[in-house]
Amino acid sequence: MIPNNVFNKEAFLGKSFLTLKDFSPEDIISLIDLAEDLRRRKKAGQRPTGCEGKNIALIFEKTSTRTRCSFEVAAADLGMHSTYLDPSASQMGKKESIKDTARVLGRMFDGIEYRGYGQEIVCELAKYAGVPVWNGLTNEYHPTQMLADVLTIRDNFGRIKGINLTYMGDARYNTGNSLMIVCSKLGMNFTCCAPKKYWPNPALITECEVFAKASGAKLKFTEDVMDGTAEANVVYTDVWVSMGEPDEVWAERIRDLEKYRVTIDVMKNASFDSIFLHCLPAFHDVETGIGRQIKAKFGLNEMEVTDQVFEAPFSKVFDEAENRMHTIKAVMYATLTGRVRVTV
Ligand code: CP
Ligand code: NVA
């Protein structure tokens, strides 16, 4: 007999994972607990049961290293098969509507991951697929990233509530928006430290203020780097130009955001125990094609974070990257089985 507390079918079974706005704080924490357990079991060589023989589709309209690999490795660990569809290899959006694609894939697959552009696309897929759809990043949200970030924060501080997280850079996009949501849901204090025009949109701030009221989180918006980072336990940044944006915006972003680069002075101004997080990929040196182009055009060796901070012991970015896989495994396991606890 499987004990009752193994399941939370109401919250998860057959459900899509589109934005954390749709989940209660308790349900988000249960996914993080599940991911931690799955991580421990993987390291112990144990394979959870429940998903064997299932098939998942991975649709990537934008490039990816971590998210794609996380879905593929997690699927393999759970005994599932995955099919990767890149933008040039599928008919979706070009010869076939999202609605039709969803209905076709839903007949063949047990779950579908989508990475791409507008949130409305992943919502449309979820509406018609009849199987769980997982958001692997849209312009607006990056919910699987958030689970990995919160797990990494809990690994480092032993708690979530009351943690001060400061996000520096373009906070209007997927990562900034999603951090504000997860912080306000889970009682972490979120500071957006950026020029005013890069703050999240007012409607989303209003929604998050409601979550924050319930959880006790504080939301703060400031243009002042020293004020915004004082007392931060977590300093977080992301690229200044996101996938899908035109190259022409680089000049403006560099001009607007250079002051908000995460430097060693920023980290010294933060709490004594502060850690640095970044969803990655990061421009912290000139070891990349884009990094070299920016160096040639603007004379910069590093962009949103200095190499010194990126490589410092308080930088937890590779633990965070590993946690992507464990947390994505938790999302698939919970939505495909309704289980929030593993029984081997
Ligand atoms: N952080 C993240 O989503 O990385 P990828 O773009 O490599 O998937
Ligand atoms: N804001 C970034 C996140 C990458 C994981 C982008 O959308 O490109």
Side-chain angles (χ1 to χ4, degrees), residues 17-20 35 56 58-75 82 84-87 113-119 121-122 134-153 167-182 192 194 198-201 204 234 236-250 253-254 256-257 260-262 276-284 287-291 294 303-305 310 315-329 331-332:
F17 189 76
L18 306 176
T19 158
L20 288 180
I56 63 163
L58 307 176
I59 306 173
F60 279 83
E61 298 202 288
K62 290 176 178 170
T63 53
S64 169
T65 297
R66 277 146 291 274
T67 309
R68 176 182 175 180
C69 295
S70 295
F71 272 98
E72 291 202 12
V73 171
S82 51
Y84 176 74
L85 292 158
D86 76 29
E113 181 275 354
Y114 172 82
R115 162 171 290 198
Y117 296 89
Q119 181 71 9
I121 302 174
V122 79
W134 308 298
N135 180 357
L137 176 146
T138 56
N139 294 343
E140 292 85 353
Y141 304 117
H142 198 2
T144 61
Q145 178 72 49
M146 297 304 114
L147 299 180
D149 298 344
V150 175
L151 177 57
T152 312
I153 290 168
Y167 179 84
M168 299 178 82
D170 182 357
R172 305 162 305 176
Y173 228 72
N174 38 34
T175 306
N177 286 344
S178 295
L179 282 168
M180 181 170 72
I181 295 167
V182 80
C192 164
Y198 295 94
W199 294 0
N201 81 55
L204 184 62
V234 181
Y236 198 124
T237 191
D238 184 11
V239 289
W240 290 341
V241 176
S242 284
M243 289 182 278
E245 295 198 282
D247 284 346
E248 291 73 61
V249 300
W250 271 112
R253 292 292 159 78
I254 289 171
D256 291 344
L257 297 175
Y260 298 87
R261 173 178 297 129
V262 181
F276 171 71
L277 295 182
H278 189 310
C279 53
L280 304 183
F283 293 118
H284 59 96
E287 303 288 315
T288 63
I290 292 177
I294 297 292
M303 283 187 272
E304 71 274 10
V305 56
F310 187 89
S315 167
K316 304 296 177 188
V317 296
F318 297 108
D319 295 333
E320 184 185 9
E322 178 192 325
N323 283 335
R324 295 298 309 286
M325 199 282 288
H326 306 298
T327 45
I328 280 173
K329 191 186 283 177
V331 170
M332 291 198 289

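Not measured: the values here are computed from a predicted model. Whatever order the structure lists ligands and atoms in, that order sets their numbers, starting from 1.
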Using heavy-atom distances only, which candidate in [options] approaches [atom] most closely?
atom: atom 5 (P) of ligand 1; options: D149, T65, V317; answer: T65
atom: atom 1 (N) of ligand 1; options: S70, C279, P281; answer: C279
atom: atom 4 (C) of ligand 2; options: T67, L137, T138, N174; answer: L137

Which value, rounded to the nearest 0.5 Å, describes the distance between F71 atom CZ and R324 atom CZ?
8.0 Å

Heavy atom of the protein closest to [atom] (residue, atom name, distance):
atom: atom 6 (O) of ligand 1; value: R115 NH1, 2.8 Å
atom: atom 4 (O) of ligand 1; value: R66 NE, 2.8 Å
atom: atom 8 (O) of ligand 2; value: M243 N, 2.8 Å
atom: atom 3 (C) of ligand 2; value: D238 OD2, 3.5 Å

Indicate whether any N or O donor in one side chain lies under 3.5 Å from an N or O acceptor in the other, for [X] and [Y].
X: Y236; Y: D149; result: yes
X: N323; Y: K316; result: no
X: S82; Y: E72; result: no

Tell me, do L18 and Y141 make a side-chain contact under 4.5 Å, heavy atoms counted?
no

Could you tell me whether some N/O pair between [X] and ligand 1 is separated by less than 3.5 angstrom?
X: R324; value: yes
X: L280; value: yes
X: M243; value: no

S242 heavy atoms within 4.0 Å reach ligand 2 at atoms 1 (N), 2 (C), 6 (C), 7 (O), 8 (O)

Looking only at distances, can you tell me whether any N or O atom of Y173, backbone or side chain, sits closer than 3.5 Å to an N or O atom of ligand 2?
no

Could you check whether any side-chain N or O of [X] sits under 3.5 Å from a backbone N or O of [Y], counting only pairs where one atom can act as donor and the other as acceptor?
X: Q119; Y: E140; value: no
X: E113; Y: F60; value: no
X: R172; Y: N201; value: no

Out of curiosity, is L280 lining ligand 2, as in a heavy atom under 4.0 Å away?
yes

Step by step, work out the side-chain contact (heavy atoms from CB on, under 4.5 Å) result for T237 and F276.
CA-CA 8 Å; T237 191; F276 171 71; 3.8 Å; yes

